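Scroll down for the structure; my scribbles are underneath it.
This one's a predicted model, so the numbers in the text were calculated from it and none came from an experiment. A note on names: the letters A, B, ... follow the listed sequences, proteins ahead of strands, and every chain is numbered from 1.
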Amino acid sequence: MSILIDRETRLLVQGITGREGSFHTTQMVEYGTNVVAGVTPGGRGKTVAGVPVFDTVADAVGETGANASIIYVPARFAPDAVYEAVDAGIPFVVCITEGIPVSDMVPVAAYVKAKGARLLGPNCPGLITPGEAKVGIMPGSIHTPGPVGLVSRSGTLTYEVVDALTRAGLGQSTAVGIGGDPVIGTSFVDALRLFQDDPKTEAIVVIGEIGGSDEEDAARFIAEHVTKPVAGFIAGQTAPPGKRMGHAGAIISGGTGTAAEKIAALEGAGVRVAESPSQVPGLLREAMAG
Amino acid sequence: MNVHEYQAAEVLARHGIPVNEGRVATTPDEAEEAARAFGSLVAVKAQVHTGGRGKAGGIALARTPEEAREAATRILGMDIRGHKVGKVFVVPGADIAKEFYLGVVLDRPQRRTLVMASAEGGVDIEEVARERPEKIVRALADPLLGFHAYQARQMAFALGIAPDKVAGFAAIAQRLYETYIAEDATLAEINPLILTGSGEWLALDAKMSFDDNALFRHPDVEALRDPAEENATEVEARRSGISFVKLDGTIGCIVNGAGLAMATMDAVKLHGGEPANFLDVGGGASAEQVAKAFGLVTADPNVRAILINIFGGITRGDVVASGIREALGRVEVKVPIVVRLAGTNAEEGRASLAEAGLTAVDTMDEAAAQVVTAAA
C-alpha cells in the first residue's frame with residue numbers, strides 16, 4: 001500500500017515530446033513507472049522511451065486505459081491540459097508546470113473538484129512511491145521503500161529531507177510534493193488524510209514554508225484526526241515580509257504567513273518541528289518511539 | 001508586481017470606476033501648476049510602493065498653489081520606509097460625507113476570489129480585520145461563474161448603505177472584481193471609496209498589485225513597472241531567470257530550489273550568521289546560471305563569504321561541480337566560498353571542487369557553520 005500511486009498506476013504524460021516531457025518520461029520509465037501513453041497534439045505515431053504518443057488525451061485513454069496523468073506543458077497551455085485530462089475521465093492529474101497565473105488556477109481547481117478528480121500541483125515535483133512508481137521530476141535514487149509518508153510544498157528541500165531519512169534508515173511509503181503556488185489542487189490536509197488512512201504509512205513528515213495558512217490548517221487537522229507520529233520543518237524563518245521567496249505562494253503578507261506562526265501551530269498540535277532539515281529523522285524516530 | 005496609486009487609478013478608470021482625476025508631478029513647479037489648474041484645495045500625495053504614507057508625512061493638504069509647491073518640495077526626495085519619493089500625485093480635494101473600504105484579493109484556503117468591504121474606510125484595513133473583524137463584510141466569488149450582482153447588493157445592504165445608493169456601490173464592487181480578473185491582479189483596493197456631499201461615489205485612493213506569472217498577457221501592465229522602485233540586482237536577476245531577494249546580512253547564498261534556498265538562509269542564521277540574500281538558481285544549477293549568480297551575489301559589498309548549497313538530483317553532483325569551477329573561471333570572486341554538495345555523485349563532485357582549492361562539505365549544517373566562521 002501507499003497513497004495515490006503504485007505499480008498498478010497506468011500513467012499518461014501530457015507534453016511528452018517536449019524537452020522536459022521526453023527527458024522525464026525516460027527517467028520515469030527507467031525507474032519502473034508504468035508509463036502507458038503520451039500526448040502531444042500532432043504527435044500520433046511517435047514514441048518516446050518506447051511509449052506511444054497520441055494526439056488527444058481521450059484517444060490515449062481509450063487505447064491504453066491510462067488512469068493518471070502528468071503534465072509537462074508550458075504555463076500558458078497547462079490549464080487547458082488539466083481540463084483535457086479531467087474531461088477524458090482521468091481521476092488523478094499531476095501538474096509539474098511552474099508559472100501558471102492564479103486567475104487560471106482558480107477555475108481549474110474548482111472544475112477538477114466538481115468533476116470528482118484530484119489535482120496535485122501545479123509548480124510541484126510530483127510524487128513517488130519508492131520501488132513502485134515515480135510520477136514526477138525527483139531523483140529516484142535517494143528514495144527507499146519504508147513507513148514514512150512525506151508531504152511538502154517544496155522540491156529540492158524535499159529531496160534534502162528524503163535523503164536524510166533514507167540515510168537514517170527511514171524509508172518512505174510515498175513522498176508527495178504539493179507545490180509552491182498560492183492555488184494548488186491538493187493541500188497538506190488532503191495528503192495528511194490519505195496518509196492517516198494508509199496502513200503502510202506509520203509516521204508522517206510535513207515540510208512547509210512561509211505564505212498562506214495551509215500549515216495552520218494542517219496543524220488543526222493533525223490535532224483532531226491524525227493518530228500517527230508527525231515531525232516537520234518550516235522553511236523561511238529568515239524571510240522578510242512582503243517579498244516573494246522564489247515560489248509564487250511563498251510570501252508573508254499583512255503580517256500573516258510567517259514561519260513562527262506555522263511552527264507554533266504545528267507544535268501546538270504535537271508535531272515535532274526541526275530547526276534544521278537534518279534533525280527531521282531523529283525527531284521522527286523520537287516521535288515513533290512515543 | 002506593484003504599481004503606484006496614480007497608475008492604479010488609471011487602470012480603475014479604464015474599467016469604468018469613478019476616480020479622483022489628478023496629475024502626476026516630479027517637481028515642485030509641476031505640483032504648483034497642477035494645483036493652479038484644479039483651482040481648489042488639493043492633496044499632494046507621495047507615490048511610493050509602500051503603505052503608511054500618511055503617517056510618514058507623505059500626504060499633505062494644500063489650500064493654494066503656493067502651498068502645493070511647498071508640500072511637493074518637502075515630500076519629493078523623502079524616504080518612506082526605505083522608498084525614495086520621486087513623484088507626487090496632486091488631486092483635487094473631495095467633499096467627503098462617508099468613507100468605505102472596498103477590496104478584492106485571493107482567499108488562498110478557499111481557492112476563490114474574495115470581495116471585502118467595510119464602512120470603516122480610510123483607515124488601515126488590516127487593523128480593522130484584527131481588531132474589529134465584524135466590521136468587514138465578505139463575499140466569495142464563484143470560481144466558475146464570477147461575482148454576482150446580488151452578492152454586491154447584499155454587501156451594500158450589510159454595510160448599511162442607503163437604499164438609493166446601493167446600486168451605485170454594487171456597480172463599483174462588480175467593476176472592481178472585473179478589473180481584478182481582467183488585469184490578472186493579486187490585489188485591487190479602493191480605500192477610501194467615498195460618498196460625496198452631493199451623493200456621488202468616488203474612489204479617492206487606489207492600490208493594485210499584479211500577478212507576475214500573468215504579465216506575459218498584459219504588456220500594458222508590464223509598462224507600468226517603475227524601475228526606481230526595484231532593487232537593481234533583483235531586476236538583473238529576473239532577466240537571468242534567477243529568483244533573488246536582497247537582504248541585509250553578510251553571507252551570500254547560492255542555492256538550487258526555492259524551499260532549499262529558504263532553508264539555507266535559516267541554517268546560516270541558526271549558526272549565528274545573517275544571510276545577504278535569497279537566491280534560487282533553478283533546478284539544474286548550470287555553469288551559466290551559477291556564473292550569473294556569482295555576479296549577483298558579489299555585487300553586494302556587504303558580502304564577506306559565499307555559501308553554495310546544491311542538492312544534485314537529476315543533475316549529477318560531478319556536473320554541478322564542473323559547472324561551479326567553470327563559473328569561477330568566468331567571474332572573479334574575492335571572498336571565501338564554502339560549497340555544500342549532496343545527492344547523486346556528490347562525492348566525485350566534492351573531490352573535483354577540493355582539487356580546485358574550494359572547501360566542499362557534505363551537510364548543510366556543516367557548510368553553514370563553516371561559512372559563518374569564514375565571514376567573521
Side-chain angles (χ1 to χ4, degrees), chain A residues 23-24 27 75-76 98-107 109-111 114 137-139 141-142 152-160 163 180-184 187 207 209-214 217 233 235-240 243-250 254-255 259 275-278, chain B residues 50 106 108-109 111-113 125-126 129-130 141-144 180-182 184-187 211-214 216-217 243-249 255-270 274-275 278-280 283 310-315 342-344 363-365 368:
Chain A
F23 176 78
H24 287 292
Q27 297 273 326
R76 60 187 78 185
E98 179 177 2
I100 302 175
V102 168
S103 69
D104 290 346
M105 277 315 300
V106 167
Y111 188 79
I137 58 174
M138 67 289 287
S141 60
I142 58 172
S152 168
R153 273 169 72 186
S154 170
T156 45
L157 179 57
T158 313
Y159 313 160
E160 177 85 34
D163 189 49
D181 274 2
V183 174
I184 50 176
S187 66
I207 309 291
E209 64 188 32
I210 56 160
S213 57
D214 217 15
D217 293 342
F233 176 74
Q237 298 179 50
T238 46
K243 286 283 193 176
R244 220 164 276 284
M245 308 302 279
H247 289 154
E275 281 188 311
S276 152
S278 62
Chain B
T50 181
L106 172 72
R108 284 174 64 161
R111 299 167 192 165
R112 290 171 186 226
T113 304
I125 195 65
E126 279 152 14
R130 246 187 337 266
D142 185 279
L144 301 174
Y180 175 94
I181 297 294
D184 274 300
T186 53
L187 171 74
D211 185 349
D212 294 323
N213 287 339
F216 71 88
R217 58 190 177 201
S243 295
F244 179 93
V245 177
K246 167 92 177 71
L247 302 169
D248 300 327
V255 190
N256 68 333
L260 190 59
M262 277 187 268
T264 303
M265 288 161 40
D266 296 347
V268 166
K269 177 97 177 176
L270 188 64
E274 289 290 341
F278 164 94
L279 192 156
D280 171 11
I310 306 288
F311 195 97
I314 299 281
T315 311
T344 321
T363 72
M364 196 156 106
D365 291 318

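If you measure heavy-atom distances from A/Arg244 to chain B, the contacts under 4.5 Å come from both the backbone and the side chain. Interface residue A/Thr238: backbone and side-chain heavy atoms are both found under 4.5 Å from chain B. Only the side chain of A/Gln27 comes within contact range of chain B, with at least one heavy atom under 4.5 Å from a heavy atom of that chain. When heavy atoms are compared at a cutoff of 4.5 Å, A/Ile207 does not approach chain B at all. Interface residue A/Ser103: backbone and side-chain heavy atoms are both found under 4.5 Å from chain B. With a threshold of 4.5 angstrom between heavy atoms, A/Pro277 approaches chain B through side-chain atoms but not through N, CA, C or O. Heavy atoms closer than 4.5 Å to chain B are found in the side chain of A/Ala248, but not in its backbone. Within the 4.5 angstrom heavy-atom criterion, no atom of A/Asp214 approaches chain B. Neither the backbone nor the side chain of B/Tyr180 comes within less than 4.5 Å of any heavy atom of chain A. Contact of B/Asp266 with chain A is made through backbone and side chain together, with heavy-atom distances under 4.5 Å. The contact between A/Ser187 and chain B is made by backbone and side chain atoms together, counting heavy-atom distances below 4.5 Å. Residue contact with chain A, scored on non-hydrogen atoms closer than 4.5 Å, involves the side chain of B/Asp212 exclusively. There is no contact between B/Ala261 and chain A, counting heavy-atom distances below 4.5 Å. In this structure, the portions of B/Arg111 lying under 4.5 Å from any heavy atom of chain A include both its backbone and its side chain. Neither the backbone nor the side chain of A/Met105 has a heavy atom closer than 4.5 Å to any heavy atom of chain B.
Atom CD of A/Glu160 is separated from atom CE of B/Met364 by 5.0 Å, given to the nearest 0.5 angstrom. A/Glu209 CD to B/Met262 CE: the interatomic distance, rounded to the nearest 0.5 Å, is 4.0 Å.
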Practice prompt. Report the C-alpha separation of B/Leu270 and A/Ser276 in whole Å, then their side-chain angles, then the decisive distance to 0.1 Å, and conclude whether the side-chain contact (heavy atoms from CB on, under 4.5 Å) test is met.
Written response: CA-CA 8 Å; B/Leu270 188 64; A/Ser276 152; 4.1 Å; yes
| query | Does the pair B/Leu106 and A/Val106 meet the rule for a side-chain contact (heavy atoms from CB on, under 4.5 Å), with working shown? | reply | CA-CA 9 Å; B/Leu106 172 72; A/Val106 167; 3.9 Å; yes
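Panel note: side chain B/Asp211, backbone A/Val102; a donor-acceptor pair is recorded below 3.5 Å.
Of the listed residues B/Met265, B/Arg112, B/Arg130, the one with more heavy-atom pairs under 4.5 angstrom with chain A than any other is B/Met265. The choice from B/Pro143, B/Gly343, B/Ser243, B/Ala129 that makes the most heavy-atom pairs within less than 4.5 Å of chain A is B/Pro143. Put simply, of A/Ser152, A/Gly99, A/Ala110, the one with the most heavy-atom pairs under 4.5 Å next to chain B is A/Gly99. Interface check for chain A: of the options B/Ile125, B/Asp142, B/Leu144, the most heavy-atom pairs under 4.5 Å are formed by B/Leu144. The candidate from A/Met245, A/Gln237, A/Lys243 with the greatest count of non-hydrogen atom pairs under 4.5 Å with chain B is A/Met245.
Residues B/Asn256 and A/Thr156 bring no donor and acceptor atom of their side chains to less than 3.5 Å of each other.
The minimum heavy-atom distance linking B/Gly259 with A/Ser154 is given by the pair CA-OG, 3.4 Å.
Taking 4.5 Å as the limit, every side-chain heavy atom of A/Pro240 sits out of range of all side-chain heavy atoms of B/Phe278.
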